[in-house]
Trainee: 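Below you will find the structure I want to go over with you.
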Amino acid sequence: MVQRIPGEPPPVIKTYAVAYPIFEKYVSLNNCSQEIIVQDNCPGIYCLYVFTPQTYCLWSLGHSENAIFSTKITKGTYVIPLNKGNYVVVINHFLGKDSNINVNVAPRSFCSFIMSNRLASPRGIVSYGIYDYAGELQNYCIRTNSILGYFNISCFEPKGCLASLQLNAVLLINGGNDYEYFLQNIIKFENCFHWFYLEDNIWNFSSYRANIYHVEGKGIINSYCNRTYYCYSPPCLYDIKYSLPLAGYLIINVTTVQGKGVYVTFGFSSIQNGQEILPPIFTYYDKVFISCPNVISACIVIKPNFTKSLNVFSAGLVFGSYEQLSTVSFNNLNSTLALLYCNQGWKPVPSFFSFCVNSLESACNLNFKAAKSKILVSTNVQCSNNVIELPHVNVPFTFVDYNNKPIYIEKPLNVSLPRTIYICKNEKQCLYKICLCINGIRQQINDGYIIYPRCYFISINITAFYNTYYFIRIFYPNGTFCSWFLSCSKICLPKIIQICKCIRYNLNQNSTIMATGPLNLTPIYELQYLVTINLPTNKTEEWVNNDTIIQIPKTIYINEGTRYYLISSNESYVLKPLNLTPIYELQYLVTINLPTNKTEEWVNNDTIIQIPKTIYINEGTRYYLISSNESYVLKPLNLTPIYELQYLVTINLPTNKTEEWVNNDTIIQIPKTIYINSTSRYYLNNTNTSFIIYRSMIIKPCYKLQYFVKLILPNGTIEEWLDSHSDLILPKIIQINDTRYILNEQNNIIEILGCRILCPKYDVYYLVKLILPNGTIEEWVKKDCVIILPQYIYISSYERYVLNSTQFVIVHSPLVIQPEYIKQYLININGVSYWYNQGAKLLIKIATTPFFIVKWVGSIKVTNGEIITINGPLDLKAEILINPLFEYLGIAGIIAIIVLAITNVIRHKSK
């Protein structure tokens, strides 16, 4: 948006010369505390311009020039605050009517500037820091970090379909220098298609026609009429479709970063779009950083004073045109507005005007009505432009989701929910819990809880939890039961319904039923009677189903050897309660425990029982009786004759085979070794030499045939028994300290087929360590071999070692050989190379006449005839030069000859 800034010219206003009569007036402002007051008493609409004298002269001659101030006026008073200087006030007015126009200079008054007439300006709710106290205007100042504008539009019909709603504020930054910025958070409406989008602007109010600098955000630095400003609008993808009523908030937040700058955040929240009620969730679509390294504090300021650019410190929420330097009129508009600032919660500004002086997008035919609890902006009301005190405005901060019914409360809400809701005749819902969730924090509340509206944004979710109950009838054999049951609860049917002591009903189905809906239930029960049976040993009572045949036990055991045997009928038909006494005979059980089996039979009294002497299990197992073989029965008996268990054991040894009967649990020892002779034997192939006899067995132990083998090696003799046909692996290498024996045979594996005495052949090798000047060599050398030492060892092409001892060494034992070598260096003299021992003395000399001198050049400095010591390679070359002394003497001789010749000539002429 482009601001119309009182006290400075609109951006590049070219005022063209006019051909009709005008009114002009020269005025002077002697200081910055004065202002120009124009009083127009003529009806109609005119153009008012303010020029400097220089630009007025050019303009009056027909040139287009920039005006200091320009506006349209009608009958009324207009206040123009300007800086110190000389000005010309011009109005396109007919001559002869000058008496209807007055131009005066008066002391500057903020109130007079605010109260002056305006044909068009943004209309809404604007705070200038002026409060009407008992008919007298008083000042106040608001400093805050957040400013909030609330709107609720129920009717919106701008002419041309385009309009805007903007939240404006002035930011004051205190630091090394104070800076002032104009902040705008704007909704731009396109009413024809019911779309709106967001936009924010930042202008520099720090000086006259100041530009914007050092601002970073999502937007760009734009230019309008040679003045830069910051602007940003989200991409069209984020345009919002709206329906009426439309309610929400515009917000501007300011955050100071000490020593760095200020963050300005622009946000928007829609709380109602058509019939949809939404929670107060803010979308902060732009965050702008204003760099100010010396910042100490920053805040939004509302006070009755001017900025350095002669704008005012104000804040407002106003309707205006879609574009700058234009005016929008409305066919119809009804909207509720509120302007609030943050101070330990959101508080409304104390007072407001209905017009804005800092913004250029103007609106007409809108007025205010301050009702009891709201401020209405409408085309259908009238009010003055005087300062209006704000009533107690209830702004919807507290969002309540009341059992999935979203509302905003402006007065205390009593949470009262119905305890029972009947769905139908046999189904109902009963309240059992109410949960309150405040900004994500849950708690349980009671019915009758009161929620109070807050002065800050809060989202409250109230959820009532109901349990569903079903009406269920159960038809029992002895009557009907009716009750309400919780949905999905379990209904437990009684397993027994007792009619009397001897008659009852027993449930014959699942006793648990799930309550999933209204139900008429007839469970299945069986009629039962109590039947008593008097047995010889006890008395039993049992519930038996009607029309059932019961079985009486044929045999009743007292213990393992005594029983009762039934001799009467063992069946009885149950049609009523019964008491039965069946007839039994007493019998005894005789048990004979033989080793092979156990026999049980009932034996008559006074009987002799014969027990077998021997019991064969199979060909290799038997039992042999060692106790009496007869027993006389006079009572129930449990006989256990004494037998010994015996097994036929066969032992198959490599040399023989034996068979015998052996008692159970007898231990038999098997020989570990069986010697055939002194060089052959059988050796048991497992560690177990003992066998416990617990069954008929054929013991065939596994023996290995072994031979005695003697192995004679260089490091000793080995004697051992080896398996027949096994492989004996001879060691290929035997090392004793620095002597090594290497097997001289290709095959080192010998198969053992009998007694052997082995003496393999080994070659002898000795470890020889050869220490040379260029390193040490270790290797194994065969006995009596000759080692040839290197005659020369070259370190490089200029350095070598030459052997100074014998070159051949015969190996008879382990050796450490360190031959003597002499180091030599290559010496190059005049292109001839020789090898010289290190430390040798060398004479460097070439014979010559006194007419010449010798100069040696090369790797060292040396004079002719010098003796040097060889300590490295050398490269020397002799240069023969003429002796300078003889050269000078030759020149002098020539000069003397010339002088003598000239002297002789002169003398000859003289004669």
Side-chain angles (χ1 to χ4, degrees), residues 403-404 417-435 437 442 444-447 462-557 564 566 568-582:
N403 211 16
N404 296 322
L417 297 166
R419 292 194 169 273
T420 303
I421 301 174
Y422 283 93
I423 308 301
C424 62
K425 180 180 179 181
N426 295 324
E427 183 180 349
K428 69 179 180 179
Q429 290 184 337
C430 297
L431 180 68
Y432 83 96
K433 182 174 69 173
I434 305 173
C435 283
C437 181
R442 292 182 173 275
Q444 189 169 339
I445 62 174
N446 298 321
D447 195 18
I462 303 172
T463 305
F465 295 90
Y466 284 85
N467 283 333
T468 302
Y469 287 83
Y470 301 111
F471 188 74
I472 295 177
R473 295 179 181 87
I474 304 175
F475 300 98
Y476 291 111
N478 60 336
T480 301
F481 174 79
C482 300
S483 182
W484 289 94
F485 288 90
L486 180 64
S487 175
C488 296
S489 63
K490 294 181 180 180
I491 303 172
C492 294
L493 302 174
K495 288 182 179 282
I496 304 295
I497 299 175
Q498 198 79 30
I499 303 301
C500 64
K501 184 178 179 181
C502 297
I503 301 173
R504 73 177 187 181
Y505 287 94
N506 182 52
L507 184 65
N508 196 22
Q509 67 176 54
N510 191 353
S511 63
T512 303
I513 297 173
M514 194 74 68
T516 57
L519 184 64
N520 290 325
L521 178 62
T522 303
I524 302 172
Y525 282 88
E526 287 187 348
L527 177 61
Q528 291 184 336
Y529 298 106
L530 183 62
V531 175
T532 303
I533 302 175
N534 299 301
L535 298 174
T537 55
N538 65 331
K539 178 181 179 181
T540 61
E541 290 184 346
E542 181 182 359
W543 289 94
V544 181
N545 291 341
N546 183 38
D547 199 21
T548 301
I549 296 174
I550 61 171
Q551 297 289 332
I552 297 173
K554 190 76 175 175
T555 305
I556 300 173
Y557 288 90
Y564 286 96
L566 182 66
S568 60
S569 175
N570 67 330
E571 291 185 353
S572 183
Y573 197 64
V574 178
L575 295 174
K576 60 180 181 178
L578 295 176
N579 192 335
L580 303 175
T581 305

Trainee: Is there side-chain contact between Y525 and I497, with at least one heavy-atom pair below 4.5 Å?
Mentor: yes
Trainee: Considering non-hydrogen atoms only, spot the tightest contact between M514 and C488 and give its length.
Mentor: SD-O, 2.9 Å
Trainee: Is there side-chain contact between L521 and L493, with heavy atoms separated by less than 4.5 Å?
Mentor: yes
Trainee: Take Y466 and I421 through the side chain to side chain contact (heavy atoms under 4.5 Å, CB included) test and state the conclusion after the steps.
Mentor: CA-CA 9 Å; Y466 284 85; I421 301 174; 3.9 Å; yes
Trainee: If every non-hydrogen atom of Q498 is compared with every non-hydrogen atom of C500, which pair is closest and at what distance?
Mentor: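 Of all heavy-atom pairs spanning Q498 and C500, the closest is NE2-O, 2.8 Å.
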Trainee: Which heavy-atom pair separates L519 from I513 by the least distance, and what is that distance?
Mentor: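 That closest heavy-atom pairing would be CD2-CG2, 4.4 Å.
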Trainee: Looking at CD of Q528 and CD of E542, how far apart are the two atoms once the value is rounded to the nearest 0.5 Å?
Mentor: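 Nearest 0.5 Å value for the CD-CD distance: 9.0 Å.
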Trainee: Take the angle between the ring planes of W484 and Y422 and call it parallel below 30°, perpendicular above 60°, tilted in between.
Mentor: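 Perpendicular, since the angle between the ring planes exceeds 60°.
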Trainee: Between atom CG of N467 and atom OG1 of T420, what is the distance when rounded to the nearest 0.5 Å?
Mentor: 11.0 Å
Trainee: To the nearest 0.5 Å, what is the distance between CD1 on I533 and CG on N538?
Mentor: 9.5 Å
Trainee: If we only count heavy atoms from C-beta on, is the F475 to T480 side-chain gap below 4.5 Å?
Mentor: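 SC-SC contact between F475 and T480 confirmed.
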Trainee: Minimum heavy-atom separation for L417 and I434, please, with both atom names.
Mentor: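 It is CD1-CD1, 3.7 Å.
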Trainee: Compare all side-chain heavy atoms of V574 with those of K576 and state whether any distance is below 4.5 angstrom.
Mentor: no
Trainee: Could you give the distance from CG (L527) to CD1 (I499), rounded to the nearest 0.5 Å?
Mentor: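 L527 atom CG to I499 atom CD1 measures 8.0 Å (nearest 0.5 Å).
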Trainee: Do the non-hydrogen side-chain atoms of Y564 and T555 ever get within less than 4.5 Å of each other?
Mentor: no
Trainee: Within a strict 4.5 Å, meaning less than it, do heavy atoms of the P582 and L535 side chains meet?
Mentor: yes
Trainee: What pairs with N534 under side chain to side chain donor-acceptor pair (under 3.5 Å), at least two apart in sequence or on another chain?
Mentor: N579, T581
Trainee: Taking the side chain as every heavy atom from C-beta outward, state whether L507 and I496 have any pair of such atoms under 4.5 Å apart.
Mentor: no
Trainee: Rounded at 0.5 Å granularity, tell me how far OG in S483 sits from CD1 in I474.
Mentor: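 S483 atom OG to I474 atom CD1 measures 8.5 Å (nearest 0.5 Å).
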Trainee: Of all heavy-atom pairs between C482 and R473, which one has the smallest distance, and what is that distance?
Mentor: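 Closest approach of C482 to R473, heavy atoms only: SG-CG, 3.4 Å.
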Trainee: If you take all heavy atoms of Y529 and P577, which pair is closest and at what distance?
Mentor: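 Taking every non-hydrogen atom into account, CD2-CD, 3.4 Å.
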Trainee: Any heavy-atom pair between the side chains of N426 and Y470 that's under 4.5 Å?
Mentor: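 Side chain of Y470 against side chain of N426, heavy atoms only: no contact under 4.5 Å found.
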